[in-house]
S.K.: 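Attaching a single structure in structure tokens format; questions to follow.
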Amino acid sequence: GQQLNQSPQSMFIQEGEDVSMNCTSSSIFNTWLWYKQDPGEGPVLLIALYKAGELTSNGRLTAQFGITRKDSFLNISASIPSDVGIYFCAGQGEGQGNLIFGKGTKLSVKP
Amino acid sequence: DSGVTQTPKHLITATGQRVTLRCSPRSGDLSVYWYQQSLDQGLQFLIQYYNGEERAKGNILERFSAQQFPDLHSELNLSSLELGDSALYFCASSVGYKNIQYFGAGTRLSVL
């Protein structure tokens, strides 16, 4: 099925560092969502974006909806050990209810 | 806690068998979505129900079926199971025009 290109696939960083990950698509999306998944759990919504150019923050997390509507990025500032997990981007097309997911960015944080 | 409840958490079965996964959406949510998560394919949309009616279909195999009941809970039925059906199966629910989807904790299916 259709998927988004999410990069990087994995990151191994030091506590306190900033993190950036992004997703690109060949299709235009009306909505971009960022989720985090911990082992043995379902994805948990972090940030939802609804308009091209929109920049939204949730604590140390900031995400933007790309102007072309084909991309989005997520930044995490001053990472902490509990940021460890897999981060997924998801897009929703016009008139569609289902989400299309990227393959995830696995984040590891070294204390 | 997302408010979406999935049972069972783990399921181990043999090839050729049939299983039923259950999902209770968040209170008030009319839409239920089923997704499959495998290591090589990531999260893939299977099917959506809205207020009891099938709304959209993704890459769902013919051996799989789902339904949503009047109390809005949903069941995903997987039959003639194959080794490749081993995966995490997630249910999500949503309400409203913004369609933010909240996910359950998933059912881990192992087909031996």
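Just so it is clear, the model here is predicted, and its values are computed rather than measured. Protein chains get the first letters and strands the later ones, always in sequence-line order, with residue 1 at the start of each.
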S.K.: Look at the side-chain heavy atoms of Ile, Leu, Val, Met, Phe, Trp and Tyr, link any pair under 4.5 Å apart, and say whether A:L33 and A:I86 land in one connected group.
M.R.: yes
S.K.: With the 4.5 Å side-chain cut-off for hydrophobic clustering, are B:L88 and B:V19 part of the same group?
M.R.: no
S.K.: Rounded to the nearest 0.5 Å, what separates atom CG in A:L99 from atom OG in B:S94?
M.R.: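 Rounded to the nearest 0.5 Å, the CG-OG separation comes out at 8.5 Å.
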S.K.: Can you tell which part of B:Y35 gets under 4.5 Å to a heavy atom of chain A, answering side chain, backbone, both or neither?
M.R.: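 Contact with chain A: side chain only.
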S.K.: Quick one: which of A:G97, A:A48, A:G40 has the most heavy-atom pairs under 4.5 Å with chain B, could you say?
M.R.: A:G97
S.K.: Answer with yes or no whether the hydrophobic clustering places A:L4 together with A:W34; edges join I, L, V, M, F, W, Y residues whose side-chain heavy atoms lie under 4.5 Å apart.
M.R.: yes
S.K.: Between B:F45 and B:I100, is there shared hydrophobic-cluster membership here, with clusters defined by ILVMFWY side-chain heavy atoms closer than 4.5 Å?
M.R.: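 In one cluster with B:F45: B:I100, yes.
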S.K.: More than 12 heavy atoms of other residues, nucleotides or ligands under 6.0 Å from CZ of B:R108: yes or no?
M.R.: no
S.K.: Please classify the contact of B:Q37 with chain A as side chain, backbone, both or neither, using a heavy-atom distance under 4.5 Å.
M.R.: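 Just its side chain gets close to chain A.
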S.K.: Can you name the nearest heavy-atom pair linking B:F90 to A:Q37, along with the distance?
M.R.: CZ-NE2, 3.3 Å
S.K.: Flag the one option from B:Q48, B:Q101, B:K9 with the top tally of heavy-atom pairs under 4.5 Å to chain A.
M.R.: B:Q101
S.K.: Is there a path of hydrophobic side-chain contacts, each under 4.5 Å between heavy atoms of I/L/V/M/F/W/Y residues, joining A:Y35 to B:V32?
M.R.: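 No, because B:V32 and A:Y35 fall into different hydrophobic clusters, even though each may have its own neighbours under 4.5 Å.
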S.K.: Just verifying a value: how many Å separate B:Y102 OH and A:L45 CG, rounded to the nearest 0.5 Å?
M.R.: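 That separation rounds to 6.0 Å.
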